[in-house]
A.B. asks: 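Take this structure first; my questions come after.
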Amino acid sequence: MIKQLHISNYALIDKLDIKFDDGLTIITGETGAGKSIILGALSLILGERADSKAIRDASVKTIVEATFDIQGYGLEPFFNDNDIDWDAHECLVRRELAPNGRSRAFINDTPVQLTVLRELSTRLLDIHSQHSNMLLSRPAFQLSILDNIAGNGQLLEKYKVAYRDYRQAATQLNLTQSEIEKLRRDEDYIRFQLDELQSLNFKPDEDAELEALQSKLSNITELKESLWDVENQLSGEENSILDRLSIVAQRLEDAERNLSDVEGMPSRVRTSLIDLKDIAQTVASIVDTLNDDPAELDRVNDRLNSLYSLQRKHNVQDVNQLLEIQHDYERQLSEIEHNDDIINELEARVAATREVASQLAIQLSAQRHQAAKRFGEELLTLAMPLGLKNIAFDVEFTSTDLVESGTDNVEFMMAFNKNQRPMPVKDTASGGEISRVMLCIKTIIARHMQLPSIIFDEVDTGVSGDVANMIGEMMLDIASTIQVIAITHLPQVAANGDHHLRVFKTDTQDETLTHVETLGPEEHVMEIARMLSGKDLNQAAINNAKSLINNKKRQ
């Protein structure tokens, strides 16, 4: 339940702190006093869209902060899943709106996204206003009522997981069928391209090897001449490097016997001679292998030309990328050749996941039918005393293929007169009738869902007399199990309150401000008397107010 609400710098509110208790809290005030402003601020806590126009003083930020008692509502997993500090007793929710329009949300001082705030708020508080009555004509809302009454929460989540698995399998099947169909249309093209690539039998990195071989074959004459010159310089018949080094080695050996300064030099020269002789022999062997081979050069050029042509055709840079394209063509043809196996496997998965979802949908539907019967009985019991004595109600079910909510389409069928056959709510109910029906529905939902708190915003508009008394008693009855806050203009409803808050405005020289005061027992009586008599407050109105309060059913 909500315990405290702090509002600062919002619309006509400078600073406001409101304390709430359990039971039924009544909020009254003149039209335009600011009751809707308080609800607007509270909607920020529930994750609704923020409007920078609501900022009263553009030099400071707007803050709305609420403290909730969350004991016994099983919210610890939500806090753990969202990495929010957990307090088993209280939860502090804050919304800040900066003058530039930037909005921030906090739960227990932990910054959170609005989606997280909204998810938490649905478990803490329900605000029902006259605008909410439009929901009653929506099939999705009607179905959610039955699911709430049936307690289908876990089953519905389990079904949604199964349904998503089924849809993913069906989507994969459709995509694969489309892809295979396209491949079949392109099969001749793919085979032609693959045959062209396979016929050349390229190997990884072959382009680099071919280019190196082409360079070698194209320059064979220059290479042989250069190497012949190297061999001749090293070991030629006249004045070769090896001959001269041999002489150098001999001279150093002679000097070494008489001069220690050249010690070791002869061996170093002899080592160099060995290396150079080996080089000379190797060069000679290479020269023997270098033969002009125009046919081989033509072969290399032809293969490179084929390679370059395919690279341009497929818009790639090297042979390895061509091989990747070849492998992809091979994969596509393999899929075409084995498509029956692939499709059969996917069809089996679709059938299996559909069967799981269908069985869960059957369970959902059975529980919804049972809930519809209970709901209809409870609704008639609550609605008849509210001036709807001829009300008739039924839930019309029609089956659909699997959708995210199951296989049920529902339509609430109602009649409000004896000679009227039940028709869809949107076609048969007046505004006042819808308000009373929605109050009954909220009462039923509150009983089944055990929400911590519910706020009724002038849902009693358009009723009076005994019906107003009944509405007040109904709210009081709900308040025996959950916290109820009711904004009302009806003294019959206000008289049932356990607590009473009055909203009023004051004017200063420069501005108008909204305030809230908590009324004591005597002030409670006087406020109800004022609601009964208007400006001309008299003793009769006071006595009538006391009578209404004394007749409150839950003492």
Side-chain angles (χ1 to χ4, degrees), residues 1-10 13-27 35 37-48 50 61-98 103-128 153 442 445-457 475 478-487 497-501 503 515-519:
M1 57 172 269
I2 184 169
K3 296 172 62 178
Q4 289 183 326
L5 177 65
H6 168 82
I7 307 170
S8 62
N9 195 40
Y10 183 81
I13 298 173
D14 177 24
K15 182 178 180 182
L16 197 59
D17 288 285
I18 308 173
K19 182 179 180 297
F20 295 97
D21 292 292
D22 55 4
L24 174 59
T25 296
I26 297 295
I27 299 179
K35 300 185 294 298
I37 293 175
I38 295 173
L39 280 186
L42 192 55
S43 69
L44 294 178
I45 290 295
L46 304 184
E48 296 297 325
K61 62 185 175 183
T62 293
I63 298 176
V64 183
E65 186 175 80
T67 303
F68 293 90
D69 182 343
I70 59 173
Q71 295 182 77
Y73 290 100
L75 293 174
E76 185 173 1
F78 169 85
F79 281 77
N80 292 336
D81 291 344
N82 290 283
D83 197 23
I84 300 171
D85 290 339
W86 165 248
D87 183 324
H89 301 285
E90 286 188 347
C91 171
L92 185 65
V93 179
R94 185 171 76 256
R95 189 84 178 273
E96 297 180 356
L97 182 60
S103 170
R104 301 179 67 195
F106 302 84
I107 300 175
N108 288 347
D109 290 324
T110 300
V112 297
Q113 297 293 325
L114 286 185
T115 52
V116 176
L117 186 63
R118 292 190 192 105
E119 183 180 354
L120 176 63
S121 69
T122 58
R123 307 186 190 190
L124 296 176
L125 184 64
D126 178 30
I127 297 180
H128 179 71
K442 287 290 184 176
I445 292 175
R447 289 173 177 172
H448 287 274
M449 291 186 64
Q450 296 183 330
L451 279 170
S453 305
I454 186 169
I455 296 178
F456 291 111
D457 178 21
M475 291 183 181
I478 303 173
S480 64
T481 54
I482 67 172
Q483 181 190 47
V484 177
I485 301 170
I487 299 174
D498 298 310
H499 318 284
H500 196 151
L501 302 175
V503 182
H515 307 275
V516 175
E517 63 176 347
T518 301
L519 303 183

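Numbers here are sequence positions counted from 1.
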A.B. asks: Kindly give the heavy-atom pair with the smallest separation between A105 and L117, and that separation in Å.
C.D. replies: CB-CD2, 3.9 Å
A.B. asks: What distance do M475 atom CE and I485 atom CD1 have between them, rounded to the nearest 0.5 Å?
C.D. replies: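 Atom-to-atom, M475:CE and I485:CD1 are 12.0 Å apart.
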A.B. asks: Do I478 and F456 make a side-chain contact, defined as non-hydrogen atoms from C-beta onward lying under 4.5 Å apart?
C.D. replies: yes
A.B. asks: Might you point out which heavy atoms bring I45 and V64 nearest each other, and give the distance in Å?
C.D. replies: CD1-O, 3.2 Å
A.B. asks: Check whether any side-chain N or O of R95 sits under 3.5 Å from a backbone N or O of E48 as a donor-acceptor pair, and report yes or no.
C.D. replies: yes
A.B. asks: Return the SG to OH distance between C91 and Y73, rounded to the nearest 0.5 Å.
C.D. replies: 13.0 Å
A.B. asks: Determine the sole option in D126, I127, L125 for which the side chain to side chain contact (heavy atoms under 4.5 Å, CB included) test with S453 is passed.
C.D. replies: L125
A.B. asks: Distance check, rounded to the nearest 0.5 Å: L44 atom CG versus S121 atom OG?
C.D. replies: 11.5 Å
A.B. asks: I'd like to know if the side chain of S8 and the backbone of K15 have a donor-acceptor N/O pair within less than 3.5 Å.
C.D. replies: no
A.B. asks: Would I107 and L120 count as a side chain to side chain contact (heavy atoms under 4.5 Å, CB included) here? Give the steps.
C.D. replies: CA-CA 9 Å; I107 300 175; L120 176 63; 3.6 Å; yes
A.B. asks: Is the shortest side-chain heavy-atom distance between N108 and W86 below 4.5 Å?
C.D. replies: no
A.B. asks: I'd like to check L75 versus F68 (side-chain heavy atoms, cut-off strictly below 4.5 Å). Are they in contact?
C.D. replies: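 Not touching, per the 4.5 Å side-chain cut-off.
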A.B. asks: Near E517 CD, under 6.0 Å, is it more than 12 heavy atoms from other residues, nucleotides or ligands?
C.D. replies: yes
A.B. asks: Does D17 come within less than 4.0 Å of K19, counting only side-chain N to carboxylate O?
C.D. replies: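 A salt bridge is absent here (no side-chain N lies under 4.0 Å from a carboxylate O).
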A.B. asks: So, taking the atom named CD1 in I18 and the one named CG in L42, what distance separates them when rounded to the nearest 0.5 Å?
C.D. replies: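 The distance works out to 9.0 Å.
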A.B. asks: Side chain to side chain contact (heavy atoms under 4.5 Å, CB included) for N9 and K61? Distances and angles first, verdict last.
C.D. replies: CA-CA 7 Å; N9 195 40; K61 62 185 175 183; 5.9 Å; no
A.B. asks: With a 4.5 Å cut-off on side-chain heavy atoms, are T518 and H499 touching?
C.D. replies: no
A.B. asks: Mind listing the closest non-hydrogen atom pair of S103 and L97 along with its distance?
C.D. replies: CB-CD1, 4.2 Å
A.B. asks: Could you check whether any side-chain heavy atom of Q483 comes within less than 4.5 Å of a side-chain heavy atom of D69, counting everything from C-beta outward?
C.D. replies: no
A.B. asks: Is any side-chain heavy atom of D85 closer than 4.5 Å to a side-chain heavy atom of D109?
C.D. replies: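 Not in contact.
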A.B. asks: Please report the interatomic distance CD1(I13) to NE2(H515), rounded to the nearest 0.5 Å.
C.D. replies: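 That separation rounds to 10.0 Å.
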A.B. asks: Once you round to the nearest 0.5 Å, how far does CG of L124 lie from CD1 of I2?
C.D. replies: 9.0 Å
A.B. asks: Specify the closest pair of heavy atoms between I70 and E90, including all atoms of both residues, with the distance to one decimal.
C.D. replies: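 Residues I70 and E90, closest heavy atoms: CD1-O, 3.9 Å.
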A.B. asks: Just do the side chain to side chain contact (heavy atoms under 4.5 Å, CB included) check on H6 and Q4 with the steps written out, would you?
C.D. replies: CA-CA 7 Å; H6 168 82; Q4 289 183 326; over 6 Å; no
A.B. asks: Applying the side chain to side chain contact (heavy atoms under 4.5 Å, CB included) criterion to L5, which one of T67, I38, L16, V516 satisfies it?
C.D. replies: I38
A.B. asks: Please tell me if the side chains of D83 and T110 come closer than 4.5 Å, counting only heavy atoms from C-beta onward.
C.D. replies: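 When only atoms from C-beta onward are counted, T110 and D83 do not touch, as no gap falls below 4.5 Å.
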A.B. asks: Are L92 and F106 side-chain neighbours, meaning at least one heavy-atom pair lies under 4.5 Å?
C.D. replies: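 No, side chains not in contact.
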